[in-house]
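Heads up, the thing below is written out as C-alpha cells.
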2 protein chains.
Amino acid sequence: MEHDFYRILKGLKLKVTPKRIAIMEIMAAEKTYMSPDELRSKLKQRFKNIGLPTVYRNLEELAKEGVIIKIIHPDRKLYYFYCHRKEHHHHFVCVSCRRVEDITFCGMEEIKKEVEDGLKGHMVSHMLQVYGFCKNCLIKQVVSQ
Amino acid sequence: MEHDFYRILKGLKLKVTPKRIAIMEIMAAEKTYMSPDELRSKLKQRFKNIGLPTVYRNLEELAKEGVIIKIIHPDRKLYYFYCHRKEHHHHFVCVSCRRVEDITFCGMEEIKKEVEDGLKGHMVSHMLQVYGFCKNCLIKQVVSQ
DNA sequence: GTTTTAAATAGAAACGATTTTCATTTAGAT
DNA sequence: ATCTAAATGAAAATCGTTTCTATTTAAAAC
Ligand SMILES: [Zn+2]
Ligand SMILES: [Zn+2]
Ligand SMILES: [Zn+2]
Ligand SMILES: [Zn+2]
C-alpha cells in the first residue's frame with residue numbers, strides 16, 4: 001500500500017517524504033472527513049514535530065491534484081477526505097459521525113442543459129453534497145431509545 | 001415595496017428598524033451576491049454610522065429565516081443573496097460577475113432514493129450549486145475579442 | 001559515495017474575516 | 001410619557017488559516 005502512495009507522489013512530481021506518506025496513509029484509512037488539526041493530532045503519534053502549516057500545505061496540494069477531496073461544510077472550515085473512486089461523483093456526509101459515502105446520482109446533463117438552453121450561459125462546474133444520517137448512526141439512534 | 005419588508009419583519013417578530021429595511025431594500029435590488037462588507041459600503045451611503053457586526057447579525061438572521069440565502073463560495077467567505085422565489089430550488093452563480101440565477105433542476109427524489117435504498121441512511125438536506133458564465137458575461141467575452 | 005540544490009519543513013508571527021462584549025440607543029408595548 | 005427588551009456601534013477578541021524565514025532533507029548531479 002505504501003508503494004501506491006509512493007507512486008502517486010512520484011507521478012505528481014512531489015518529493016516522497018515520510019510525512020507525506022503518513023498523511024496519505026492516515027487519510028486513506030479514514031472513513032470520515034478530517035480537519036487539518038485532527039490530522040495533525042494523528043500525525044503527532046508518529047512524529048515528534050509536525051507543524052500545522054505542513055499539514056495545511058500537504059492537504060491543499062493533494063486536493064489540488066485530486067488525490068483527496070475537500071468537503072463543503074456549513075461551518076466553512078477546511079475538511080478533507082481521501083476518496084478512492086476516481087470518476088466524477090458526489091458525496092453523502094453523515095451529520096452525526098462525519099462518515100463520507102459515494103453518491104452515483106449527479107444530474108450534470110440536466111443542469112448543463114438548463115444553464116445553456118434556459119439561461120443562455122455556460123456551465124463550468126457544479127457542486128452537490130448530501131447531508132444526513134448514515135446507516136450506523138440510524139441504528140445507534142434506534143438502539144439507544 | 002417598503003411595505004413588503006415591513007410586513008416580512010413584522011411576521012418574523014423582528015423590530016422594524018431603518019437599517020433592517022435598508023438592508024432588505026439593497027439586497028432585494030441586487031442581481032448579484034454580496035459580502036457583509038460590500039453591503040456595509042452601500043449602507044454607508046445612507047447612514048453615517050453602520051457597524052459591521054450589525055450587518056453580519058442582520059444578514060445571518062434574515063438567512064436563518066429564509067428571507068435571503070447563503071451562497072456557498074470556494075473561498076469559504078460569507079456571501080448572501082436575496083432570492084425572490086420561495087419554493088425549494090438551487091442557483092446558478094456567474095464566476096465572472098457574481099450574478100445569481102434560479103435553477104429548477106434539483107434531483108432530490110433520486111438522491112433521497114439512493115441514500116435510503118442504497119446506503120440505508122436518512123437524507124436530511126442537500127446542497128447544489130452551479131458555477132459558470134452568465135449570458136451577459138459570455139457576450140462580453142465575445143465582443144472583447 | 002559525496003556534493004549540490006531546490007523542495008519541504010518547523011516554529012513563530014501575521015493575517016483577516018467573523019464574533020463577542022458591553023455600554024448606549026431605540027422600537028414598540030404599556 | 002414611561003418602560004423594557006431588542007438593536008446597535010465601537011472596540012476588542014477569537015481562531016482558523018497563511019506567510020515568513022531559517023533549517024533540514026530528498027533526490028538529482030557528479
Ligand atoms: Zn453516521
Ligand atoms: Zn455531478
Ligand atoms: Zn456574469
Ligand atoms: Zn434540491
Side-chain angles (χ1 to χ4, degrees), chain A residues 2-3 5-26 33-65 67-68 70-80, chain B residues 2-3 5-26 33-65 67-68 70-80:
Chain A
E2 171 164 339
H3 256 285
F5 300 137
Y6 183 93
R7 254 185 283 124
I8 289 171
L9 290 176
K10 280 291 179 193
L12 299 173
K13 305 217 188 301
L14 294 172
K15 284 190 183 176
V16 181
T17 65
K19 282 165 186 174
R20 278 219 173 101
I21 293 288
I23 286 171
M24 296 179 87
E25 279 175 4
I26 293 170
Y33 63 82
M34 263 192 294
S35 71
D37 201 56
E38 285 158 359
L39 174 56
R40 183 166 82 144
S41 293
K42 297 203 185 257
L43 286 164
K44 278 243 177 90
Q45 296 167 10
R46 298 204 207 175
F47 304 94
K48 189 158 54 66
N49 297 322
I50 174 81
L52 208 36
T54 298
V55 180
Y56 274 89
R57 265 184 272 116
N58 277 292
L59 286 171
E60 193 49 39
E61 263 168 351
L62 294 174
K64 191 176 147 202
E65 300 293 351
V67 179
I68 61 178
K70 281 191 190 188
I71 294 292
I72 309 296
H73 197 285
D75 72 7
R76 302 193 326 284
K77 288 179 191 150
L78 286 171
Y79 295 101
Y80 297 89
Chain B
E2 171 162 339
H3 256 286
F5 301 137
Y6 183 93
R7 251 184 285 124
I8 289 170
L9 290 176
K10 281 291 180 196
L12 299 174
K13 304 214 188 304
L14 293 173
K15 285 189 182 177
V16 181
T17 66
K19 282 164 187 174
R20 279 219 172 100
I21 293 289
I23 286 172
M24 296 179 86
E25 278 175 6
I26 294 170
Y33 63 82
M34 265 192 293
S35 71
D37 200 55
E38 286 158 358
L39 175 55
R40 183 166 81 145
S41 294
K42 297 200 185 262
L43 287 164
K44 277 241 177 91
Q45 297 167 10
R46 297 204 209 177
F47 304 95
K48 190 159 51 66
N49 296 323
I50 174 80
L52 208 36
T54 298
V55 179
Y56 272 90
R57 273 184 302 237
N58 277 293
L59 286 171
E60 191 49 38
E61 262 168 353
L62 293 173
K64 191 177 147 200
E65 299 293 351
V67 178
I68 61 179
K70 281 191 191 187
I71 295 292
I72 307 297
H73 198 285
D75 71 9
R76 304 195 327 283
K77 289 180 189 148
L78 285 171
Y79 295 101
Y80 296 90

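Within every chain, numbering begins at 1; the chains are lettered A, B, ... in the order of the sequence lines, protein sequences first and strands thereafter.
Scored by the side-chain hydrogen bond (donor to acceptor under 3.5 Å, both in side chains) test, Lys42(B) finds Glu30(B) as partners (sequence neighbours excluded). Taking Tyr33(B) as the reference, His73(B), Tyr79(B) meet the ring pair (Phe, Tyr, Trp, His ring centres under 6.0 Å) condition, with sequence neighbours excluded.
One atom, CZ of Phe47(A), and another, C1' of dA8(C), lie 13 Å apart when rounded to the nearest Å. Tyr56(A) has its OH atom 16 Å from the P atom of dG11(C), to the nearest Å. Atom CG in Leu52(A) sits about 13 Å away from atom C1' in dT9(C), given to the nearest Å. One can place NZ of Lys70(B) at 13 Å from C1' of dA17(C), the figure rounded to the nearest angstrom. At whole-Å resolution of the value, CD1 in Ile50(A) and C1' in dA10(C) are 9 Å apart. One atom, CZ of Arg40(A), and another, P of dT9(C), lie 14 Å apart when rounded to the nearest Å. As rounded to whole Å, 15 Å separates atom P of dA7(C) from atom CG of Asn58(A). Rounded to an integer number of Å, the gap from CG of Leu59(B) to P of dT18(C) is 10 Å.
A 4.5 Å side-chain heavy-atom check between Asp37(A) and Val55(A) finds every atom pair outside the cut-off. A heavy-atom distance below 4.5 Å is found between the side chains of Glu25(A) and Ile21(A). Under the 4.5 Å side-chain criterion, counting only non-hydrogen atoms from C-beta, Ile50(A) is in contact with Lys44(A). The shortest side-chain heavy-atom distance between Met34(B) and Ile26(B) falls under the 4.5 Å cut-off. Side-chain contact check for Asn58(A) versus Lys19(A): every heavy-atom pair is 4.5 Å or farther apart. Looking at heavy atoms from C-beta onward, Leu62(A) lies out of side-chain contact with Arg20(A) at the 4.5 angstrom threshold.
Sequence neighbours left out, not one pair with a member in residues 9-18 of chain A passes salt bridge (charged side-chain N to carboxylate O under 4.0 Å, His left out).
Along DNA chain C, the nucleotide closest to Arg57(A) and the one closest to Asp37(B) are compared, and the more 5′ of them pairs with Arg57(A). Residues Lys77(A) and Pro53(A) each lie close to DNA chain D; by heavy-atom proximity, the contact nearer the 5' end of the strand is made by Lys77(A).
Residue Thr54(A) places at least one side-chain N or O closer than 4.0 Å to OP1 or OP2 of dA10(C). Side-chain N/O atoms of Asn49(A) include one lying less than 4.0 angstrom from OP1 or OP2 on dG11(C).
Boundaries of the chain A contact region on DNA chain D are dG16(D) to dA27(D), first to last in 5' to 3' order (nucleotide atom under 4.0 Å from a heavy atom).
For the pair Glu38(A) (side chain) and Ser35(A) (backbone), a donor-acceptor distance under 3.5 Å is present. Judged purely by atom type and a 3.5 angstrom limit, Glu60(A) has no side-chain atom pairing as donor or acceptor with the backbone of Arg57(A).
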(message) Within the 4.0 Å limit for protein heavy atoms, which parts of nucleotides 25-30 of chain C are touched? Write it as a string from 5' to 3', B for base, S for sugar-phosphate only, - for none.
(response) -BBS--

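Recorded end-axis angle for the helix from dG1(C)-dC30(D) to dT30(C)-dA1(D) stands at 30°, based on five pairs per end and rounded to 10 degrees.
When all heavy atoms of Pro36(B) and Leu78(B) are compared, the closest pair comes out as CD-O, 3.3 Å.
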